[in-house]
Colleague: 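This structure is in structure tokens; I'll ask about it shortly.
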Amino acid sequence: MTKKERYQLFIDHFSKKSPTAETELEYTNPYELLVAVILSAQCTDKRVNIVTKDLFRRFPEAQSLSEADVEEVFEYIRSISYPNNKAKHLVGMAKILVNEFNNVVPSDIDDLQKMPGVGRKTANVIASVVYNKPAMAVDTHVFRVANRLGLTNNAKTPLESEKELIKNLPEEVIPVAHHWLILHGRYICVARKPKCGECDITHFCKSFGKV
DNA sequence: ATCCCGAGGG
DNA sequence: CCCTCTGGAT
């Protein structure tokens, strides 16, 4: 089948199955989302939400977080992965947010990445969710699943994957498609031994029978 | 044991 | 390009 047909089958299937897939991270403003996404690396959303509940009460906006003691932030987030790094990143991020960006979470990918703890994936999440930009955050799931399905043609890097997905997906589908790929990658198309027996989209999977 | 919606540094 | 950071869930 052509690439266009494959994309169409992908969209048809998931827009029926999970029309409203979205992040489970809890936040009430861009600052909180930025914090939550930085914390989410190698960690479930549920656990992030437990931690951010108290964290946001103590540091309601970037200003207070920018003046915070890294040690205190560490205490709030010690139950998630990489608490030392993330505590440093959060305070550093808040400092730049206040001092360089006048307390406004930037919409530009490059500006976002000037903040510690914010790499391309996190920057794309903000651009997409907060600013409705056609940005695709490529994490480990998106990268792997897109390659397996054949939405990307054996992309070698996340950036390559991102560009190909952006080029082929209708703009309005990009944000949901991100979550479709993640959900599929988390529960069915797992890294080690993909559960092809439980998969309901083998009819357009380029790797079915080959993994 | 093995895996989780990464980023920074060498 | 590879290493490290790291706790919790299953």
Side-chain angles (χ1 to χ4, degrees), chain A residues 14 18 20-27 30 32-55 70-71 73-97 105-106 109-130 133 135-149 151-152 155-162 165-166 169 173-195 198 211:
Chain A
F14 283 105
S18 323
T20 59
E22 60 184 349
T23 182
E24 289 174 28
L25 293 173
E26 290 166 4
Y27 63 97
E32 290 190 355
L33 179 62
L34 186 50
V35 171
V37 176
I38 288 174
L39 292 178
S40 72
Q42 299 297 102
C43 191
T44 62
D45 289 355
K46 273 184 186 164
R47 181 130 293 277
V48 172
N49 290 337
I50 292 172
V51 162
T52 51
K53 196 174 176 218
D54 291 329
L55 187 69
V70 174
E71 265 304 311
V73 176
F74 172 82
E75 291 304 324
Y76 277 88
I77 65 170
R78 63 183 309 154
S79 71
I80 63 171
S81 297
Y82 316 139
N84 271 305
N85 284 345
K86 287 173 180 174
K88 257 181 270 176
H89 289 160
L90 287 185
V91 176
M93 176 276 281
K95 281 184 161 60
I96 294 185
L97 192 50
V105 175
I109 300 288
D110 295 323
D111 283 341
L112 283 160
Q113 287 184 102
K114 286 173 185 164
M115 297 185 278
V118 181
R120 188 159 186 106
K121 183 253 167 179
T122 301
N124 276 322
V125 171
I126 300 298
S128 171
V129 176
V130 177
K133 286 196 171 186
M136 170 62 79
V138 176
D139 56 46
T140 163
H141 290 311
V142 173
F143 182 69
R144 179 184 70 252
V145 176
N147 265 344
R148 279 191 184 152
L149 288 177
L151 297 178
T152 50
K156 298 289 188 296
T157 65
L159 183 58
E160 217 177 296
S161 180
E162 177 187 324
L165 289 168
I166 290 288
L169 286 168
V173 172
I174 292 174
V176 232
H178 167 75
H179 293 287
W180 290 341
L181 292 167
I182 285 172
L183 290 172
H184 192 63
R186 190 186 297 166
Y187 299 114
I188 304 291
C189 200
V190 296
R192 292 293 175 86
K193 290 171 70 179
K195 303 171 183 173
E198 302 173 31
V211 180

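In this text the structure is predicted, and so the values were computed from the model without any measurement. All chains are named by letter (A, B, ...) in the order of the sequence lines, taking the proteins before the strands, and each is independently numbered beginning at 1.
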Colleague: Grab the CD1-P distance between I109(A) and dG6(B) for me, whole Å please.
Modeller: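 Nearest whole value for this atom pair: 17 Å.
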
Colleague: With nearest nucleotide decided by heavy atoms, which residue, I182(A) or P116(A), maps closer to the 5′ end of DNA chain B?
Modeller: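 Nearest-nucleotide comparison on DNA chain B picks I182(A).
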
Colleague: Could you please name the option among dG8(C), dC5(B), dC3(B) that lies closest to any side-chain atom of H141(A)?
Modeller: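 Between dG8(C), dC5(B), dC3(B), the one nearest the side chain of H141(A) would be dC5(B).
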
Colleague: Could I get the full list of side chain to side chain contact (heavy atoms under 4.5 Å, CB included) partners for I166(A), not counting sequence neighbours?
Modeller: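 Residues passing side chain to side chain contact (heavy atoms under 4.5 Å, CB included) with I166(A): M136(A), E162(A), I174(A).
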
Colleague: Which nucleotide in the list dG6(B), dA9(C), dC5(B) gets nearest to the side chain of R47(A)?
Modeller: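 Of the options given, the side chain of R47(A) lies nearest dA9(C).
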
Colleague: On a whole-Å scale, what distance lies between the P atoms belonging to dC5(B) and dT4(C)?
Modeller: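 About 23 Å, rounded to a whole number of Å.
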
Colleague: For DNA chain B, whose closest nucleotide is more 5', that of G117(A) or that of R186(A)?
Modeller: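 The residue whose closest nucleotide sits nearer the 5' end is R186(A).
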
Colleague: Once you apply a heavy-atom cut-off of 4.0 Å, does R78(A) come out as touching a base, just sugar-phosphate, or nothing?
Modeller: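 Sugar-phosphate, no base atom in range.
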
Colleague: Please state the C1' separation for the pair dT2(B) and dT6(C) - nearest whole angstrom.
Modeller: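 Nearest-Å result for dT2(B) against dT6(C) at atom C1': 15 Å.
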
Colleague: Which part of the nucleic acid does I80(A) contact within heavy-atom distance under 4.0 Å: base, sugar-phosphate only, or nothing?
Modeller: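 Sugar-phosphate, backbone atoms only, no base.
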
Colleague: Look at all strands and tell whether V118(A) reaches a base, only sugar-phosphate, or nothing, counting heavy atoms closer than 4.0 Å.
Modeller: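 Counting heavy atoms under 4.0 Å across all strands, the contact made by V118(A) is with sugar-phosphate only.
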
Colleague: If you take any heavy atom closer than 4.0 Å to DNA chain C, which residues from residues 81-90 of chain A end up in contact?
Modeller: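 S81(A), Y82(A), P83(A), N84(A), N85(A) - these, ordered by number, are the residues of the stretch whose heavy atoms sit under 4.0 Å from the strand.
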
